[in-house]
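Structure record follows, encoded as structure tokens.
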Amino acid sequence: MLSVDSIDLHYGAAQALRRVSLDAEAGKVTCVLGRNGVGKTSLMRAIVGRQPISAGRIGLDGADISRLEPYDRARRGIAFVPQGREIFPLLSVRENLETGFAPLKSGDRHVPDEIFTLFPVLKDMLGRRGGDLSGGQQQQLAIARALVTRPKVLVLDEPTEGIQPSIIKDIGRAIDYLRGKGDMAIVLVEQFFEFARDLCDTFAVMERGQIVLSGTRDTMVEDDVRQRLAV
Amino acid sequence: MTSPTLTNTVLYLDGVSVTFDGFRAINKLSLAIAPGEMRAIIGPNGAGKTTMMDIITGKTRPDEGEVFFGGMIDLTMLDEAEIAALGIGRKFQKPTVFESHTVADNIRLALAGARSPFSALFGARNRIAEERIDTILSTVRLTEHRGRLAADLSHGQKQWLEIGMLLAQDPKLLLVDEPVAGMTDAETAETAHLLKEIAREHSVVVVEHDMAFVRDLGCKVTVLHEGSVLAEGSIDAVSANERVIEVYLGR
Amino acid sequence: MTRRPILLAMLDGKGAIFLGVLAALAVLVPLSNLFLPETSPLHVPTYAVSLLGKYLSYALLALALDLVWGYCGILSLGHGAFFALGGYAMGMYLMRQIGPRGVYGHPVLPDFMVFLNWQELPWYWSGFDIFPLAALMVLAVPGLLALVFGWLAFRSRVTGVYLSIITQAMTFALMLAFFRNDMGLGGNNGLTDFKDILGFSVQAQGTRLALFVATVIALALGYGVARYMVTSTYGKVLIAIRDAESRTRFLGYRVEHYKLVAFTVSAMMAGVAGALYVPQVGIINPSEFSPANSIEAVVWVAVGGRGTLVGAALGAVVVNMAKSWLTGALPELWLFALGALFIVVTLYLPKGIVGTLSERREKRKAMATAKTAGIAAEAAE
Amino acid sequence: MSRLLCLILALACGLFAAPVCAAPADTGDALLLIASGRFPDIEKGVALLARSGDARTQAIIEALRDGRLAVAADKRVVIEGANGGWSDAATGEALAEAPPSPKAVRLNNRIRRAVEAALGALTLMAPDAAARRQAAEAVFRSRDATALATLDEAIAREEVAGIRRLMGEARAAILLGDAGASDLQKIEAVDILVTRADQDALALLRAAAAQGSPTVREAAEGAITAVERRLAVLSMLQNVWYGLSLGSVLLLAAIGLAITFGVMGIINMAHGEMVMIGAYTTFVIQELARTHAPGLFDWTLPLAIPMAFLVAALVGVAIERGIIRHLYGRPLETLLATWGVSLILQQTVRSLFGPTNREVGAPSYMAGAFDLGGLTITYGRLWIIVFSFAVFSALIVALKATSFGLKIRAVTQNRRMAASMGIRTPWVDTMAFALGSGIAGVAGVALSQIDNVSPNLGQSYIVDSFMVVVFGGVGNLWGTLVSALTLGIANKFLEPFAGAVLGKILLLVFLILFIQKRPRGLFALRGRAVEA
Amino acid sequence: QDVIKVGILHSLSGTMAISETTLKDVMLMLIEEQNKKGGLLGKKLEAVVVDPASNWPLFAEKARELLTKDKVAATFGCWTSVSRKSVLPVFEELNGILFYPVQYEGEESSRNIFYTGAAPNQQAIPAVDYLMENEGVERWVLEGTDYVYPRTTNKILEAYLKAKGVKDEDISVNYTPFGHSDWQTRVADIKKFGSAGKKTAVVSTINGDANVPFYKELANQGIKATDIPVVAFSVGEEELAGIDTKPLVGHLAAWNYFQSVDTAENNDFIAKWKAFTKNDKRVTNDPMEAHVIGFNMWVKAVEKAGSTDPDAVIDALIGVSVPNLSGGYSTMMPNHHITKPVLIGEIQEDGQFSVVSQTPGLVVGDEWSDYLDGSKDLIADWRAPLSCGNFNVKTGKCGGQGPVAQ
Ligand SMILES: Nc1ncnc2c1ncn2[C@@H]1O[C@H](COP(=O)(O)OP(=O)(O)OP(=O)(O)O)[C@@H](O)[C@H]1O
Ligand SMILES: Nc1ncnc2c1ncn2[C@@H]1O[C@H](COP(=O)(O)OP(=O)(O)OP(=O)(O)O)[C@@H](O)[C@H]1O
Ligand SMILES: NC(N)=O
Ligand SMILES: [Mg+2]
Ligand SMILES: [Mg+2]
């Protein structure tokens, strides 16, 4: 569904990604792992269009989306939960969710009930300003907001950061549930190894802007990966 | 108030409450941290952990209750800078660093020392400071990023930089809000080690959701829920607490 | 303990060039004016000397503004007020020097007071006939206003546009007040028709040259002070405040004190600029307080490059030279040209003239280091 | 010549001792005086005509008032008909051919007053109610004692209560000033004037108190205190009204800025020029109406509103697409660029329309004033208040209740994230800027009614607009509303005490101090959300 | 050098462009015409136009530029008094010649400036006389913009009115800032002041932009000329072009020229003006006439002196007499002010003035008012041997404005 093909990415003169390739398929969770500053977030930015790539190609359902604006990619079904959450601080929780209506046809413009089943706390806070929520609440809102757009590809950049254990489990269950529906490709960046390991169908480990190890869950050698994540 | 607990605490909160637009984020919270103590604070998202730190550091004024530092200094009367000058340092949940300064300058600004504009204008730089900066940078593994602008760091690197700034500040009491969010497991272990090191000479309050990390710290744990203390004790004790499992750990 | 790094840092490439240019101006302009024949293409006519002097006083104002805006994030839309106050202090001195040579021949009172039937000088005019006192007032009046205003505003944590707008309100209120004839400062006409400064005729060629050189020196000193401030630890704290004010507080810095020092120093620099401006243009009146003037000063800084000091000064000179030239050369179209200049600068030189240039240079440098770093990294692997 | 002299003598009698010397005035003589071309003689001619009782009098005086009375080269006085034909003033006969080089009889203020007084008495019994009302007012003002008899008759016949009261007041005004009236009549007059209780009544009562007999004086003095008390209360209310109307002007001027600056964060120095563009659009539309369809003049304002919106919005689109688009994320630089835009727009308008003021007229419903229990309410101001509230409500609805509003707010709070949510940020930006500009343009339509339409129009509002938006709290529309009204009313309460200049200075100082108390404006958003 | 340069120092942008741009145009027309006639002293005239942008220090700078860089023989310019004050030292220092065409407050006479606009005695006092005599006005509102011209004029008028027996309580003086636009309160106050039973008039020295909202408010609050007439000194045809004058019919203005003056010279001028601007609707006004007079005087003086040397021309100008546009001759007096007729006009529906009164003869501009304490003993006479701008007849001494110290 989503295919990243040998991309490079630069910040000014500094190169952050080198010939990175990655495939994400519907109904599968693709994990990206790696230490701080290896380029995981940069890869996500490239996928959603926040940072231009300098070489390579990003395809969605066969079409080249490398040059599309971020909103056009969103309209084609890529939803993003960024690192740092990026909640609209002055919009209420409800309004934050409603920003997800933008790519939808007018008939679809409602917040699916399953979102409140996944994150019941949001239901009580619909009127509160997003910026006033606690960190963990904001993280839940960010995921919920992405789901409102009914994406084909869900890109999650460290979604468990700052979340209480029980909700991490909920998020895990949610991702599992979404995978189970079979029509969504999920790309997950994660530092929390156990969480990733339990969810991944395929994984890629990054180092210095490159993918140094990849495979499916069955072929994954846990120690190799751990090794790559060590200091 | 000259209760015995008061005099030998570094930090003492009693009956603190704060309300935002009718929502009670902290509710009659009481807490005491002894000198040299390390304390882990856990609790559900929205329990009020960050707000508690806001109150201690002067960012938020409590509606009621007492907050004392070092036994007798009433923190509710002071502003952020005064509180920081007393020796209370803080790492924020969302890393905030000075983006247009280099990594080294971020540390430099945090270094303990005179804070008045005049000393900043006329004070000379010294070599000792430079050495300390080097040490801290290597502790947080940012030596090779020394000259980069903080804005260009990745999320995790900013986390480390904030920890570095906290070290540089060398405060008596460290308030650390979610230090290992976004770190790999190995880094997490490393951080736990670092904090334990620091706690030998300082008092430390750590907020974290990573239970493995909290276990690593091996200190007393306070569980906050809906703005007040739900449970307190060793990690094993609170992990076994039914209420804690229900509202926080999950099954 | 060593101070050398600061002094060295102060004299980085830009600063050295800037001070060099100023030194050259201070020497060459008077020489050319005095000794080159008028027919020589290199001759600087006396009127151009005063004009240059005016640009350089504006440059000092821009420098002052850049100190607070560029380094501390205080967008003052009222800096013209400090400039004008310094100008009025100097204007009052110059008025007192007229003595009985006024139209009505009154020994003490300026003409406008005679005309409005004032019987004696109001108290706030006393002492202005003594140059050192007047010079002190040039610093003290703007400085004091900045101190009080800043103390109120920074203590209450007024920031961002709120601060900008109250500075604008301040200068607007002062403008209205100075317009009032009852203020005893000449009302709408302000102060003009000056005769002497320190016993020399303000119109004499020598005086004009001396004023010009004084302006160059003031600008150089102003640059020195500002540069010293921003390269010291103090300057780093200012930038920290600009980027994350509240974070700076949590490190124990008293943000309001830092801002107050910068604001007050800056106001005094602006006051000096105004004081040098007045004898060279020959008039000071309330329209100097008009909000548009202050906004224009902000525009100069932006054109030259915010947060670069040299750029601010350069911006002031460039914009005002363009204005002088265009109002004569294209009297009916110059607004188009000037407007276009501002737009082009924002679009194509996003960090202003100097900011964009040095960014380019830094990029080139970064490119080079990145290359070497890249090699090092590969070697390590 | 001698005939004229004799006439003047007779007239002198007529003026000073009308009852004794009742020389029958002759319309022909009056016309002779009018034809003289000298202002004092014309004035006398009008007075003579008024007294003549001639059936032609009203037609002649009305023609004089309207500038249709002319003197031909042959000294004949003629009237120009509405359709261009001419008739003889004395006889009313239509002339077969145009008279030789007719020159319109000129008026000055004295003659205008004489004409008004004469017509007042003549039309007191006109069939048209409006004419009678005007006549009663004219008589009240002229206090012409000779009209008393007609007035009495008119009062007896008048059926409209309001007009009858007016006539009664006119009668009272005459009697109070009339040396011949009895004390009883005067006291009665005082009682009538007390109920009128306005400045005019006060003036009459004061005069009576100064001159009348002791009893009359006493009655008048009592009446004066009553009227003064009422007027004091009224002046308070009047101040509130003035403040409200000034506030609504500020609101209109600021409201577009509340979007471009308050919501979008663009320091839009060209905002004033958008207002100016709206005002010039109104001018152009009125010019077109004047030259092509004078009958539609009253429709020019309703027409100008959408047009001004459109024109200003289009200019806004051009600015946004051409310049601002490149500056998101660099809010301070928008100041520099829009300052440039503002210079260019000013000069463009100056080149296109010239540097001088252009005339924008007031349609009939905008002109004049009415009386609301003693308050003078000018129609123009009333409409502006209504209009500004309407614009405000429309905007609130647009921003708070539509998805477009949500998108604008999302984009301005976090442009990158908004794009990642699939919001077409460039489109939203353009539309939002166009909306803000369009509203500024609409404000220009209203401002053209009360201020100069000149290239400087925008400059005079820009400072105030920013102050209103900031004082109210950036990004808070309700704050803008309250702030505009507060500043307007405060200004109008300070002005009578401190004067316009000092009042404004006080207001600015107050504003500076107020911001110390509330560093984020009247309606500050508070909490974490803001600091985030 | 085969051209003579003439400086034009009028704001083409900023707040004063509204008034001053026209003066630039009229100067261009006059120069073009003179060139058609063969120029001056056999040389062509060349206009040097600069834009001082309504910025007073910039006026001084531009004046200096005109005199030193362009070396103009004479300059025509300025409108506001402050702009004149700003350039005055420059003209004196560099010995230039400035023709100043606007009515002003007096209290000044410079060797280098020629005042072709009205002094207060050529405008304000005749206007007040007219109102007293013809309208029987007993109560006066002196409404002005807060700056020297209105303040001086009002001071003179106050002294004058009191000398005529008007009581203190019958005079109300008020000042508003430049650009004042909300006149509701003031107009209501005027209405109130005017309803005290005595005939009341407003003498308006309101300047520039503030006039339009002022008259609009008058119209809205229904103050008619027949109730409370307003006589203005700064409102001419050009200002009225921006206002709907129907409700203003009968309000007055005092000037030395109106477009409606029916003389051959004026009709000729208007025709040329309309042709030059290619605009049938362009109006003419008093300061334009002042420039016409000033320019013609300068041309005559240069011819008389045979050179454009400033000293020679300055001396030659005194006594020069040229036709004005209202059918007489205006003469440059030794005090550098000119003789003018004073006309009172009433506003008509078409935005023109109908002249309702005219002084029988010409009035000499009085630079030092006879109604002010400080200045009644002063006179100006720039002829040798006195050659002084502020000679005190009591002390017999020349004040500060003697010949420029060289
Ligand atoms: N300014 C405010 N206005 C309204 N509600 C607020 C405000 N600040 C905090 N809250 C609420 O107070 C509660 C406590 O927030 P706090 O940030 O202290 O939680 P926390 O324990 O740090 O959570 P997390 O673990 O998710 O960081 C939350 O429900 C939050 O929404
Ligand atoms: N905006 C930027 N400008 C310049 N360099 C950047 C920028 N953002 C990131 N970098 C650099 O690019 C590299 C990759 O950063 P990235 O954010 O992709 O890392 P990451 O793998 O997501 O790390 P983390 O786990 O800490 O979030 C890092 O060295 C970082 O310093
Ligand atoms: N001289 C004037 N009208 O300012
Ligand atoms: Mg990352
Ligand atoms: Mg928290």
Side-chain angles (χ1 to χ4, degrees), chain A residues 44-45 47-51 68-106 109 128-135 137-138 141-142 144-151 154-155 157, chain D residues 258-259 261-265 321 325-326 328-329 396-432 472-480 520-521 523-532:
Chain A
M44 300 307 120
R45 287 186 186 144
I47 292 172
V48 302
R50 282 191 178 188
Q51 191 72 27
L68 289 186
E69 291 290 333
Y71 46 87
D72 282 330
R73 299 191 203 195
R75 287 173 170 267
R76 292 194 181 202
I78 299 182
F80 186 35
V81 178
Q83 192 168 24
R85 307 166 193 127
E86 304 201 23
I87 295 302
F88 300 109
L90 299 178
L91 300 189
S92 67
V93 169
R94 181 196 304 281
E95 288 170 330
N96 263 285
L97 293 171
E98 286 174 356
T99 57
F101 291 169
L104 299 180
K105 285 200 273 305
S106 55
R109 294 191 175 171
R128 193 171 298 183
R129 278 183 305 215
D132 287 342
L133 297 188
S134 81
Q137 292 163 342
Q138 288 187 359
L141 175 57
R145 183 178 62 179
L147 292 179
V148 170
T149 65
R150 329 276 145 85
L154 179 62
V155 178
D157 196 350
Chain D
I259 299 179
F261 171 62
V263 179
M264 300 180 75
R321 296 268 78 196
R325 182 162 67 101
H326 306 285
Y328 290 110
I396 283 278
V397 170
L399 282 187
K400 289 278 147 86
T402 67
S403 74
F404 175 60
L406 179 63
K407 285 177 187 164
I408 294 181
R409 287 181 292 145
V411 168
T412 48
Q413 282 169 43
N414 188 335
R415 167 161 283 96
R416 260 188 344 178
M417 193 60 222
S420 290
M421 295 309 297
I423 296 172
R424 289 201 178 92
T425 50
W427 184 84
V428 170
D429 287 326
T430 308
M431 286 302 120
V474 177
N476 187 321
L477 275 183
W478 288 102
T480 305
R520 282 164 183 279
F523 284 77
L525 299 170
R526 259 171 303 172
R528 254 187 209 177
V530 184
E531 287 142 39

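The shown structure was predicted, so the numbers you read here are calculated from the model rather than taken from an experiment. Lettering follows sequence order; numbering is per chain, from 1. These numbers come from the heavy atoms of this one structure, side chains and all, not from hydrogens, waters or symmetry mates.
Pairing each heavy atom of A:A74 with each of D:A419, the nearest pair is CB-O, 3.8 Å. The shortest heavy-atom contact between A:Y71 and D:I423 is CB-O, 3.2 Å. Between D:G422 and A:A102 the shortest heavy-atom distance is O-CB, 3.7 Å.
Both the backbone and the side chain of A:T99 come within less than 4.5 Å of a heavy atom in chain D. Proximity to chain D (any heavy atom under 4.5 Å) is shown, for A:R145, by both the backbone and the side chain.
With sequence neighbours excluded, no residue satisfies salt bridge (charged side-chain N to carboxylate O under 4.0 Å, His left out) with A:R75. Residues meeting the salt bridge (charged side-chain N to carboxylate O under 4.0 Å, His left out) test with A:E98, sequence neighbours left out: none. Checked against side-chain hydrogen bond (donor to acceptor under 3.5 Å, both in side chains), D:R415 has the following partners two or more places apart in sequence or in another chain: D:D429.
Side chain of D:Q413 to main chain of A:L90: a donor-acceptor pair is present (N/O by atom type, distance under 3.5 Å, no hydrogens or angles).
Side chains of D:R416 and A:P70 form no contact here, defined as non-hydrogen atoms less than 4.5 Å apart.
Screening A:E86, A:R73, A:R50 for a side-chain contact (heavy atoms from CB on, under 4.5 Å) with D:S420, the sole residue that qualifies is A:R50.
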For this session: Go through the steps to decide whether A:F88 and D:M417 satisfy the test side-chain contact (heavy atoms from CB on, under 4.5 Å), and finish with yes or no.
Result: CA-CA 8 Å; A:F88 300 109; D:M417 193 60 222; 4.0 Å; yes
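Among the residues in residues 76-83 of chain A, those with a non-hydrogen atom closer than 4.5 angstrom to a non-hydrogen atom of chain D are A:I78, A:F80, A:P82.
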